[in-house]
*Asks:* 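There's a structure below that I have some questions on.
So that the names make sense, note that chain A is the first sequence line, chain B the second, and so on, each numbered from 1.
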Protein chains: 2
Amino acid sequence: MWVLTEHLAVESLTDGCSDCAIRTHSICAALDHAEVETLGKLGRRRSLKAGEPLIWEGDESLLVANVVTGMLKLVSSTADGREQVVGMVYPTDFIGRPFGATSHHSVTAISDATVCVFSRSDFDIFASEHPALEHKLLERTLEELDRTRKWMALLSRKSAKEKVAIFLLDMAQRLPNLNTGSVREGAQPKFELPFGRPVIADVLGLSTETVCRQLTALKREGILEFPTRRSIRIAQWNMLESVTRAE
Amino acid sequence: MWVLTEHLAVESLTDGCSDCAIRTHSICAALDHAEVETLGKLGRRRSLKAGEPLIWEGDESLLVANVVTGMLKLVSSTADGREQVVGMVYPTDFIGRPFGATSHHSVTAISDATVCVFSRSDFDIFASEHPALEHKLLERTLEELDRTRKWMALLSRKSAKEKVAIFLLDMAQRLPNLNTGSVREGAQPKFELPFGRPVIADVLGLSTETVCRQLTALKREGILEFPTRRSIRIAQWNMLESVTRAE
DNA sequence: CGCCGATTTGATCGTGGTCAACAATAGTGG
DNA sequence: CCACTATTGTTGACCACGATCAAATCGGCG
């Protein structure tokens with residue numbers, strides 16, 4: 001399993017937050033040194049293996065967290081059991097539902113991951129006393145809402161092929177820089193997927209088979225290459241981008 | 001056209017906010033009397049006719065607003081022109097994108113509506129000086145994010161029939177109480193739609209024809225009745241609820 | 001080399017979109 | 001009040017996309 005920024009995987013919070021990899025990219029950036037230390041005392045590091053759940057849908061909202069390394073998915077299930085991934089969580093992202101009674105979706109690791117966990121009530125109180133933190137959280141929540149709405153339009157209006165293309169471009173831009181936060185400069189034409197086809201299907205609201213067919217179609221067209229199962233090389237970036245906007 | 005809480009449609013902000021219909025249900029509830037008056041001086045009332053746009057997708061984010069009466073839709077378009085409704089806005093809801101450069105979706109009235117508009121920069125500054133307001137806004141944004149994610153699961157996983165059923169139940173619970181905010185007690189079995197089939201289709205990510213077919217199907221099954229085009233009677237509430245969870 | 005899970009390919013089917021015709025309603029002016 | 005028109009809603013025929021089920025193939029690992 002490919003671990004993102006693995007050199008920090010065993011770091012403990014008792015070491016303090018000042019050398020935290022995401023210190024300046026998470027919501028903690030809103031706090032000064034002393035405040036971060038105070039908040040740090042309320043939290044603890046937790047490691048998750050790929051597939052391990054952190055929060056269950058419908059449970060009382062007991063914890064919130066910052067993602068330090070790895071990726072997680074948010075899943076919402078309809079009343080009759082069908083599920084849909086409603087969000088992907090990257091390092092520096094904030095997880096959980098402050099100020100709320102229950103979690104409306106589950107949170108599960110899709111690669112090995114490390115998170116910095118707080119009890120929700122502790123966090124709520126701390127946040128209320130630190131408007132700058134709440135402001136940062138508000139900004140992030142607004143951004144997340146924008147992203148979620150865009151994704152929603154994608155899910156309901158894009159064809160399978162477009163979805164796959166968009167997913168790959170997204171991944172290619174996000175993955176190489178995961179350890180440094182949300183920076184997305186020049187794209188890497190080759191990258192390793194931290195998970196398999198079923199997860200892609202899950203995220204895009206497609207079946208595994210359909211994802212496969214689209215991937216092989218893109219390979220046949222010379223747009224993609226697969227050196228190994230988990231690695232993807234984007235041979236024709238521009239072509240892939242044009243697939244994005246209808247066929 | 002059916003105007004929600006029409007008695008306030010011409011109220012002017014120069015009358016002050018103290019008798020505003022949504023004074024205690026919007027984010028303004030976080031403010032005390034003096035603060036509300038200060039904020040009120042920054043805003044102005046604006047009436048919108050059904051179909052009239054308030055904010056264009058991609059535009060610089062210049063204004064934010066509270067919805068006083070009526071309903072609006074948020075629309076996100078994909079790069080190639082296809083559109084999807086990504087949110088419905090009810091009275092007391094907050095519109096717009098504070099602290100952000102651009103609007104990521106358009107906002108358009110789907111019934112006649114009244115909104116209380118602020119310049120985004122004015123609002124940003126005022127909000128920064130009033131943590132209680134920001135806190136309220138954060139709570140609302142978190143709720144909206146939860147709702148949006150639920151809706152996302154619905155859009156990608158539910159069948160046409162289920163979507164229509166869910167939409168009607170939602171409407172039936174929200175509509176009768178629109179003027180009093182988000183209260184949703186006992187459901188009214190009959191109500192008037194403030195818009196036509198095309199808008200329903202739009203919201204559910206379906207074609208008008210499909211919405212029609214599902215509605216007539218539900219009529220044939222004795223679950224619904226249509227006294228007029230715009231009014232809907234839910235003859236079998238329980239039946240409709242069970243349609244909601246697969247067929 | 002042989003096994004197991006992940007991926008790929010193939011065949012079939014159902015849902016919902018599209019295009020086209022038709023019906024019903026709401027407006028409009030005589 | 002009644003044509004007449006424009007708009008909105010309804011129905012039908014057909015088709016494409018993607019789901020599903022089943023089978024084949026690949027790749028990693030003992």
*Asks:* Do the side chains of B/K73 and B/E83 get close enough for a salt bridge, i.e. N-O under 4.0 angstrom?
*Replies:* no
*Asks:* Please report the closest heavy-atom contact between B/C116 and B/R45, naming both atoms and the distance.
*Replies:* CB-NE, 4.2 Å
*Asks:* Starting from C1' on C/dT15, measure out to CD on B/Q214 and report it in whole angstrom.
*Replies:*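 The distance from CD of B/Q214 to C1' of C/dT15 comes to 10 Å, rounded to the nearest Å.
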*Asks:* Taking atom P of D/dT11 as reference, at what distance in whole Å does atom CZ of B/F226 sit?
*Replies:*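 Nearest whole value for this atom pair: 10 Å.
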*Asks:* What integer distance in Å separates A/F195:CZ from C/dT7:C1'?
*Replies:*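 Distance, rounded to whole Å: 16 Å.
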*Asks:* Can a side-chain donor-acceptor contact be found between B/T69 and B/T114 if the only test is distance below 3.5 angstrom?
*Replies:* yes
*Asks:* Does NZ or CZ of B/R197 lie under 6.0 Å from the centre of the six-membered ring of B/F226, at an angle within 45° of the ring axis?
*Replies:*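 Flagged: B/R197 positioned over aromatic ring of B/F226.
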*Asks:* Closer than 4.0 angstrom, basic N to acidic O: yes or no for A/R147 and A/E144?
*Replies:*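 Between A/E144 and A/R147 there is a salt bridge, with a charged N closer than 4.0 Å to a carboxylate O.
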*Asks:* For B/R230 and D/dT8, give me the distance from atom CZ to atom P, rounded to whole Å.
*Replies:*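 B/R230 atom CZ is separated from D/dT8 atom P by 8 Å.
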*Asks:* Using the 3.5 Å cut-off, write out each protein N or O paired with an N or O of nucleotides 22-30 of chain D and the distance between them.
*Replies:*
from: D/dC26; atom 1: O2; to: A/R229; atom 2: NH2; distance (Å): 2.8

*Asks:* Quick one: do the B/K150 and A/S76 side chains pair a donor with an acceptor below 3.5 Å?
*Replies:*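 Looking only at side-chain atoms, A/S76 and B/K150 do form a donor-acceptor pair, the distance falling under 3.5 Å.
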*Asks:* Take B/T216 and A/T208, find for each the nucleotide of DNA chain D with the closest heavy atom, and name the residue whose nucleotide sits nearer the 5' end.
*Replies:* B/T216
*Asks:* Does the side chain of B/T244 come under 3.5 Å of the side chain of B/E241 through a donor N or O and an acceptor N or O?
*Replies:*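 The answer is no; no qualifying pair exists.
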*Asks:* Between A/R220 and B/G205, which is nearer to the 5' end of DNA chain C once each is assigned its nearest nucleotide?
*Replies:*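 This one resolves to A/R220.
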*Asks:* In this structure, how many angstroms lie between the C1' atom of C/dG16 and the CG atom of B/L155, rounded?
*Replies:*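 The distance from CG of B/L155 to C1' of C/dG16 comes to 14 Å, rounded to the nearest Å.
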*Asks:* For DNA chain C, which ranges pair as stems of 3 or more consecutive Watson-Crick or G-U pairs, with both donor-acceptor distances under 3.5 Å?
*Replies:* C:1-30 with D:1-30
*Asks:* Check this for me, if you would: do B/R229 and B/E192 make a salt bridge, where the nitrogen-to-carboxylate-oxygen distance has to be below 4.0 angstrom?
*Replies:*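 Between B/E192 and B/R229 there is no salt bridge, as every charged N stays at least 4.0 Å from the carboxylate O atoms.
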*Asks:* By nearest nucleotide on DNA chain D, pick out whichever of B/R157 and B/L215 is the more 5' one.
*Replies:*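 Result: B/L215.
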*Asks:* Please state how far atom CG in B/D202 lies from atom C1' in C/dG17, giving the value in whole angstrom units.
*Replies:*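 Rounded to the whole Å, the gap is 15 Å.
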*Asks:* With a 4.0 Å limit, can you tell me whether A/S207 has a side-chain N or O closer than that to the phosphate oxygens OP1/OP2 of D/dG18?
*Replies:* no
*Asks:* Where the side chain of B/R213 is defined as all heavy atoms beyond and including C-beta, which of D/dA13, C/dG16, C/dT7 is the nearest nucleotide?
*Replies:*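 So the side chain of B/R213 is nearest to D/dA13.
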*Asks:* Quickly work out the B/E192 CD to C/dA26 P distance and round it to whole Å.
*Replies:*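 Rounding to the nearest Å, CD of B/E192 and P of C/dA26 are 11 Å apart.
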*Asks:* Side chains of A/E60 and A/T102: any donor to acceptor distance under 3.5 Å?
*Replies:* no
*Asks:* If I take atom CZ in residue B/R197 and atom P in nucleotide D/dT7, what distance separates them, rounded to the nearest angstrom?
*Replies:* 18 Å
